[in-house]
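Below you'll find the structure, written out as structure tokens, and then a few comments.
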Amino acid sequence: MIVMGIESSCDETGVGVVSWDGETATLLADEVASSVDEHARYGGVVPEVASRAHLQAMVPTMTRAREAAGIDRPDAIAVTIGPGLAGALLVGVAAAKAYALAWDVPLYAVNHLGGHVAVDTLEHGPMPSSVALLVSGGHTHLLGIDSLAQPLVEMGTTVDDAAGEAFDKVARLLDLGYPGGPALDAAARDGDPTAIKFPRGLTGPRDAPYDFSFSGLKTAVARFVEGEVRAGRPVSIPDVAASFQEAVADVLTAKAIRACRERDVSTLVLGGGATANSRIRSLADERTAAAGIELRVPKPRLCTDNGVMVATLGAHVIGGGAPASPLTVATDPGMSVQISKL
């Protein structure tokens, strides 16, 4: 079976194609058009700009994906219906419905977050019972996974800023530009991660053990910079970047290891664009090794938003026997964690 996936939840227009043999998915095409450069001058994603970019990119991206996969049409289409930006999701879902109707193939509406988990199977094979740590500009989640064909279990999420959003805001504060993640990571290489003791949010004994909070950390960075400027001292951007990055990575990985132990699983999966951060990856590697837990991390290309992750999740949903979605299925920008929506 050939499954096509369409992703348009934020600022990437993704169309991916996989083949499905009933147990595993194999990548056939991965085409992405990003509008990140258009958002850079605003310092963040502008929903209206993203929606218009999807409109312009959808057909060319679809054409490239079909040519790369060597197909005229797929056997099924999967599409992200949420969570994400309302207008951006509408473009992808409208396109998926149109193609499904024109090609007379079934449509499967799936969850963006599940796609970030499912895409790991393209590199590392079938997914065992595990915990997934998803970190991006819009999401920070700890998810329990029993099967990709079954609902995911949300163990924790962010109560304010997502980790990737905090990276962007701190980078803007330090005049490092947008997107902030790569810029902060680069600056941190020359800094001392122990130079400044920034707070670790929601790590007290009475705090929710698997939830995250990065708003206070972002404010602490701003207050530190303001204090240095008032005192007439130069601000060491590398030290600030390294210390901030260390605080984020420390909380993310500590809670992920704790979640693995609670669920008694021996596999941790990282997903989402912010997991490209070198410190998050290295600290996760150190702590999983010490705990005897296998760490699975897709290559950076597959961690960011793409159509392949949607196609792969769709294939697992189909393999689990889920019925196709009606062509009246609606987008759900605030969609909760579940594997699919009928």
So, R172 side chain and G44 main chain: donor-acceptor pair closer than 3.5 Å or not?
no
State whether the side chain of T24 and the backbone N or O of W20 hold a donor-acceptor pair below 3.5 Å, judged by distance alone.
no
Check whether any side-chain heavy atom of D305 lies under 4.5 Å from a side-chain heavy atom of H112, and answer yes or no.
yes
Point-to-point distance, once rounded to the nearest 0.5 Å, from CG of L90 to CD1 of I81:
11.5 Å
Enter the distance from T304:OG1 to K299:NZ here, rounded to the nearest 0.5 Å.
11.0 Å
Within the structure provided, determine whether S336 and N111 are in side-chain contact (heavy-atom separation under 4.5 Å).
no
Short side-chain to backbone donor-acceptor contact, K255 and D211, under 3.5 Å:
yes
Nearest heavy-atom pair of D192 and D239: which atoms, and what distance?
N-OD1, 2.8 Å
Say whether, by atom type as modelled, one donor and one acceptor occur between the side chain of R200 and the main chain of V251 under 3.5 angstrom.
no
Just wondering, do P209 and R258 contact through their side chains at under 4.5 Å, heavy atoms?
yes
If you link I, L, V, M, F, W and Y whenever their side-chain heavy atoms are under 4.5 Å apart, who else ends up in the same group as V49?
Y42, V46
Can you list the steps and then say if I6 with T80 is a side-chain contact (heavy atoms from CB on, under 4.5 Å)?
CA-CA 7 Å; I6 297 176; T80 296; over 6 Å; no
E262 and Y210 side chains, donor-acceptor separation under 3.5 Å:
yes
Look at the side-chain heavy atoms of Ile, Leu, Val, Met, Phe, Trp and Tyr, link any pair under 4.5 Å apart, and say whether M155 and L252 land in one connected group.
yes
Test side-chain contact (heavy atoms from CB on, under 4.5 Å) applied to L133 and T275, step by step
CA-CA 9 Å; L133 172 63; T275 57; 5.6 Å; no
Can S282 and D285 be counted as having a side-chain donor-acceptor contact under 3.5 angstrom?
no
Side-chain H-bond candidate by donor/acceptor type, T312 with H316, under 3.5 Å
no
Measuring from atom CG of L143 to atom OG1 of T157, what distance do you get when rounded to the nearest 0.5 angstrom?
8.5 Å
Check whether M127 and L270 end up in the same hydrophobic cluster, where Ile, Leu, Val, Met, Phe, Trp and Tyr are linked by side-chain heavy atoms less than 4.5 Å apart.
no
What heavy-atom pair brings P74 and V105 nearest, and what distance separates the two atoms?
O-CG1, 3.3 Å
Name all residues meeting the salt bridge (charged side-chain N to carboxylate O under 4.0 Å, His left out) criterion together with D120; count only those two or more places apart in sequence or in a different chain, and write none if there are none.
R296
Report the C-alpha separation of V3 and V17 in whole Å, then their side-chain angles, then the decisive distance to 0.1 Å, and conclude whether the side-chain contact (heavy atoms from CB on, under 4.5 Å) test is met.
CA-CA 6 Å; V3 182; V17 183; over 6 Å; no
Apart from L202 itself, its cluster of hydrophobic side chains linked below 4.5 Å comprises V159
Between A187 and L176, what is the shortest heavy-atom contact and its length?
CB-CD1, 4.3 Å
side-chain contact (heavy atoms from CB on, under 4.5 Å) partners for T61, two or more places apart:
T13, V15, E31, A33, A57, R64
Heavy-atom pair with the smallest gap, counting every atom of S8 and A88:
OG-O, 2.7 Å
Taking atom CG of D104 as the centre, does the number of heavy atoms from other residues, nucleotides or ligands within less than 6.0 Å exceed 12?
no
Can you name the nearest heavy-atom pair linking G320 to A149, along with the distance?
CA-CB, 3.8 Å
Donor-acceptor side-chain pairing of D11 and H54 below 3.5 angstrom
no
Is the shortest heavy-atom distance from the side chain of L89 to the side chain of P333 under 4.5 Å?
yes
Counting only heavy atoms not in R41 (residues, nucleotides, ligands), do more than 12 fall under 6.0 Å from its CZ?
no
According to salt bridge (charged side-chain N to carboxylate O under 4.0 Å, His left out), who are the partners of E286, at least two apart in sequence or on a separate chain?
R279
Do R263 and D146 meet the salt-bridge criterion of a basic N to acidic O distance under 4.0 Å?
yes
Presence of salt bridge, D250 and R287, under 4.0 angstrom:
yes
Nearest 0.5 Å, what's the CZ-OG distance between F198 and S243?
6.0 Å
With the 4.5 Å side-chain cut-off for hydrophobic clustering, are V297 and V135 part of the same group?
yes
Quick check on the hydrophobic clustering: are V131 and L152 connected, directly or via other members, by side-chain heavy-atom contacts under 4.5 Å?
no
Does L85 sit in a hydrophobic cluster with other residues, and if so which ones, taking ILVMFWY side chains as linked at heavy-atom separations under 4.5 Å, directly or through other members?
V36, V45, Y178
For this output row, return yes or no: ring centroids of H139 and H116 closer than 6.0 angstrom.
no
Does F167 share a hydrophobic cluster with L217, counting links as ILVMFWY side-chain heavy atoms below 4.5 Å and allowing steps through other members?
yes
Verify side-chain contact (heavy atoms from CB on, under 4.5 Å) between L184 and D168, making sure each step is shown before the conclusion.
CA-CA 9 Å; L184 270 170; D168 286 337; over 6 Å; no
Report yes if the side chains of F214 and V248 come closer than 4.5 Å at any heavy-atom pair, otherwise no.
yes
Side chains of E7 and S9: any donor to acceptor distance under 3.5 Å?
yes
Taking everything shown except E123 itself, do over 12 heavy atoms lie less than 6.0 Å from its CD?
yes
Counting N and O atoms only, with roles assigned by atom type, does the side chain of D30 sit under 3.5 Å from a partner on the main chain of G16, one being a donor and the other an acceptor?
no
Could you pull out the closest heavy-atom pair between A220 and P199, with the gap in Å?
CB-CD, 3.6 Å
